[in-house]
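Chain letters run A, B, ... following the sequence lines, proteins first and then strands; every chain starts at 1. Values below: all heavy atoms of this structure, side chains included; hydrogens, waters and symmetry mates excluded.
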Amino acid sequence: MIDVKLLQKNFDETAAALMRKKVDVSVINELKNANETLKNAKLAYETLQAKQNELSRLFGQYKKEGKSTDELKIEVDANKATLNDLLDAQRTAEETLDAIIMRVPNIPDADVPDGEDENDNIEIRKVLTPPTFTFTPKEHWELAEQNGWIDFERGVKLSKSRFSVVAGMGARLERALINFMLDFNRARGFEEFSVPMLVNRRALEGTGQLPKFEDDLFKVEEEELYLIPTAEVPLTNLFQDEIINGADLPIKMTGYTSCFRKEAGSGGRDVRGMIRQHQFHKVELVSITRADQSDAVFEEMVACASDLLAVLGLPHRLVTLCTGDLGFGAARTVDLEVWLPGQNTYREISSVSNTRDFQARRAKIRYKEEGKNILAHTLNGSSLAVGRTMIAIMENFQQEDGSIRIPDALKKYL
RNA sequence: GGGUCACUGGCAGAGUGGUCGAUUGCACCGGUCUUGAAAACCGGCGAGGGUUAUACCUCCCAAGGUUCAAAUCCUUGGUGGCCCGCCA
C-alpha cells in the first residue's frame with residue numbers, strides 16, 4: 001500500500017500521481033480525512049491511557065504503603081468507561097482507513113508514460129525478426145490438435161471450459177521448457193524454490209491480490225485457502241514479516257508453479273486455444289532488494305526473460321506499460337510480447353514489475369541498514385508463461401506440413 | 001482425528017499478577033588494546049506509532065475475558081513437539 005504519511009505531507013503531488021492511475025479524487029480526500037480522524041482518535045485514547053497507567057502505578061504504591069485506595073478506584077473506574085469508548089473510536093477509524101487504503105493502487109514512477117490502455121504503451125525495442133513463411137501460418141490450436149499435443153475437449157470434460165489436456169510430445173515439451181527456464185534463471189543468479197500453491201489470505205493481501213481482486217481467485221472455502229494466481233504470491237511472502245540483513249540483499253528467486261485464475265471479466269476473449277486458461281504453468285522471478293538496488297535488478301529481470309526468449313529463437317518486443325495499463329501494485333512494468341505468426345501480432349508472454357515498497361509495506365518486508373529498518377523493494381516477473389511459450393514455439397516453428405521444429409536450446413531436455 | 005505439553009526480542013533461554021518491553025548468554029554493531037586479527041575489557045543492541053527531540057501509547061502466537069494492574073490467571077483459536085489412531 002502507499003505511504004499515507006506521504007499523502008499527508010505532500011498532498012498535491014501525491015494526489016496528482018494517484019490520479020494518473022485513475023484513482024478518484026474523492027477517494028484520495030477520503031483517505032486523507034480517514035488518516036486525520038485516526039490520528040486524532042489515537043491521540044485522545046493514548047492521552048487518557050497514559051493517565052490511567054499512572055493511576056494504576058499509584059494504586060500499587062498505595063497498597064504497598066498501606067494507604068487507602070478508595071478514591072483512586074473511583075477515578076480509575078470512571079476513566080475505564082471513557083477509555084473503552086475511545087478505543088472503539090480508534091478501531092473504527094483504523095478499519096475505515098484500512099478499507100480505503102488497501103484498495104488504493106501504487107503510485108506510478110514519474111517517468112511512466114500517461115495513457116488510457118494498452119494502445120498507449122510504448123515500445124522499447126524489438127528482438128529478433130519475425131519469420132517469413134512460404135505458406136499461410138496456422139494458429140496454435142490448429143497445430144496443437146493436428147500434432148496431438150493438446151486435447152481441448154477432454155480438458156472441458158474433466159473440468160470446464162478454459163481447461164485443457166496436454167499430451168505426448170506436447171507434455172514432454174512443456175516439462176522441458178520448465179526445466180530449461182529454471183536452469184537458465186539459476187545460471188543468472190536466481191535461487192530455485194518450490195513453494196505451496198495454496199496460500200492464506202494474509203499472503204494475498206501482502207502482494208495486493210486481496211482484498212480488491214477476490215473475484216479473480218479460486219478459493220478453497222472450508223480451508224480459507226486460495227489457489228495462487230502466480231508464484232509471485234508465495235515467493236514474495238516468503239519474507240513476510242521478516243527483517244533481512246541489508247548485506248544479504250538482493251535476494252533473487254525463481255520457482256515453477258501452476259497458476260489459477262478465474263478470468264472473471266475476460267469474458268469471450270481468447271476462449272479458443274490455450275492463451276487464457278484457468279490453470280496454467282509459469283516459471284516466475286521474484287526479487288527482494290534494497291531501495292537503491294531495485295532499478296538495477298529490474299533491468300536484470302527484464303534481460304533474463306528477454307534473453308530466454310532469444311535463446312529459444314522467439315521474436316519478441318519489449319514495451320513500457322502506460323499508467324492506464326499498469327497493474328494495481330506496480331510502480332513500473334515492462335511487458336514482453338512474443339510474435340505469433342498465426343495471429344499476425346505480438347502477444348504478452350511476460351510481465352516484469354517493480355512494486356517498490358508497495359508490497360513490502362503490506363507484507364512487512366524490511367531490511368536493516370545502519371541500525372535502521374527500511375522497507376524493502378519487491379519485484380516480480382514471469383520467465384515465462386509456459387503455455388504461451390509453447391504456443392509461440394508452435395506458431396513460429398511450424399512447417400508447411402504442420403509439423404513443428406523443436407528449438408535447439410530445448411533438445412537436451414527432451 | 002484423539003490425548004498431552006509448549007509458544008517470550010536474530011537464536012537460546014529467565015521471568016508465573018504490580019515501577020517488566022522484559023535477567024542472562026550467543027550473535028550483531030561501536031570503542032580500547034594489537035602491525036592486523038583473535039582473546040580480553042568497555043559501551044550499544046527487539047518492533048510499530050508519536051515527537052524537532054523528549055515525553056507518551058501499543059506489542060511477550062492471535063482474539064476475547066478477569067483485575068485498579070496481565071508475559072504471568074481464565075476461555076477460544078492457530079502453530080509446533082511427543083504419544084495414540086489412520087493413511088499415501
Can you tell me the distance, in whole Å, between the CD atom of A:Glu94 and the P atom of B:G48? 16 Å
For the pair A:Phe163 and A:Phe218, name the ring-plane relationship: parallel under 30°, tilted 30 to 60°, perpendicular over 60°. tilted
Please name the nucleotide paired to B:A53 by Watson-Crick or G-U wobble geometry with both distances under 3.5 Å, or report none. none
How long is the line joining CG of A:Leu55 and P of B:C56, in whole Å? 15 Å
Is the distance from OP1 or OP2 of B:A47 to the nearest side-chain N or O of A:Lys368 less than 4.0 Å? yes
For the P atoms, the ones on B:U67 and on B:G77, what distance do you get once it is rounded to whole angstrom? 23 Å
So how far is it from A:Lys67 NZ to A:Leu58 CG, rounded to the nearest 0.5 Å? 8.0 Å
Roughly how far apart, to the nearest Å, are B:C74 and B:G17 at atom P? 12 Å
Roughly how far apart, to the nearest Å, are B:A47 and B:U54 at atom P? 14 Å
How would you label the contact of A:Asp77 with the nucleic acid (heavy atoms, under 4.0 Å): base, sugar-phosphate, or nothing? sugar-phosphate
To the nearest Å, give me how far apart NZ (A:Lys364) and C1' (B:C59) are. 11 Å
Do the side-chain N and O atoms of A:Gln277 and A:Ser164 include a donor-acceptor pair separated by under 3.5 angstrom? yes
Work out how far the P atom of B:A55 is from that of B:G46, and round it to whole angstrom. 14 Å
If the C1' atom of B:A62 is compared with that of B:G80, how far apart are they to the nearest Å? 15 Å
Rounded to whole Å, how long is the line connecting atom CZ of A:Arg202 with atom P of B:A62? 13 Å
Nucleotide paired to B:A6 in any strand shown, Watson-Crick or G-U, under 3.5 Å: B:U79
Phosphate oxygens OP1/OP2 of B:C57: is one of them under 4.0 Å from a side-chain N or O of A:Asn53? yes
pair_partner(B:A71), Watson-Crick or wobble, both distances < 3.5 Å, evaluates to none
Judged by nearest nucleotide, the residue sitting upstream toward the 5' end of RNA chain B, A:Gly60 or A:Lys42, is A:Gly60
Can a side chain N or O of A:Lys5 be found less than 4.0 Å away from OP1 or OP2 on B:G50? yes
Could you state the atom-to-atom distance from CD of A:Gln52 to P of B:U58 in whole Å? 11 Å
Hunt down the Watson-Crick or G-U wobble partner of B:G85, both distances under 3.5 Å, from any strand shown, or write none. none
Side chain of A:Ser56 only, please: which of B:A47, B:A69, B:C57 is the nearest? B:A69
Work out how far the P atom of B:G9 is from that of B:A14, and round it to whole angstrom. 13 Å
Please report the distance, rounded to the nearest Å, between CD1 in A:Ile365 and P in B:G10. 16 Å
Flag for A:Ser294-A:Arg356: side-chain donor and acceptor within less than 3.5 Å: yes
Whether A:Asn373 contacts B:G48 is assessed here as follows: a side-chain N or O lying under 4.0 Å from the phosphate OP1 or OP2. Is that the case? yes
May I have the distance from A:Ile243 (atom CD1) to B:A27 (atom P), rounded to whole angstrom? 21 Å
A:Lys212 to A:Phe328, cation-pi by 6.0 Å centre distance and 45° axis angle: no
Pick the nucleotide of RNA chain B nearest each of A:Phe59 and A:Arg91; which residue has the one closer to the 5' end? A:Arg91
Looking at A:Met102 and A:Glu205, what are the two nearest heavy atoms and their distance? CE-CB, 4.0 Å
Whole-Å P distance, B:U8 and B:G1: 24 Å
Calculate the interatomic distance between A:Arg57 atom CZ and B:C20 atom P; express it in whole Å. 10 Å
Go through the side-chain N and O atoms of A:Gln359 and A:Thr378 and say whether any donor and acceptor fall under 3.5 Å apart. yes
In terms of side-chain heavy atoms of A:Glu46, which of B:G49, B:G18, B:G48 is nearest? B:G49
Counting the atoms with a prime plus P, OP1 and OP2 as sugar-phosphate, which does A:Arg201 contact under 4.0 Å by heavy atoms, base, sugar-phosphate, or nothing? nothing
Same-atom distance (P) from B:A22 to B:C45, integer angstrom: 10 Å
Tell me the partner of B:G43, counting only Watson-Crick (N1-N3 plus N6-O4 or O6-N4) or G-U wobble (N1-O2 and O6-N3) with both under 3.5 Å; none if nothing fits. B:C29
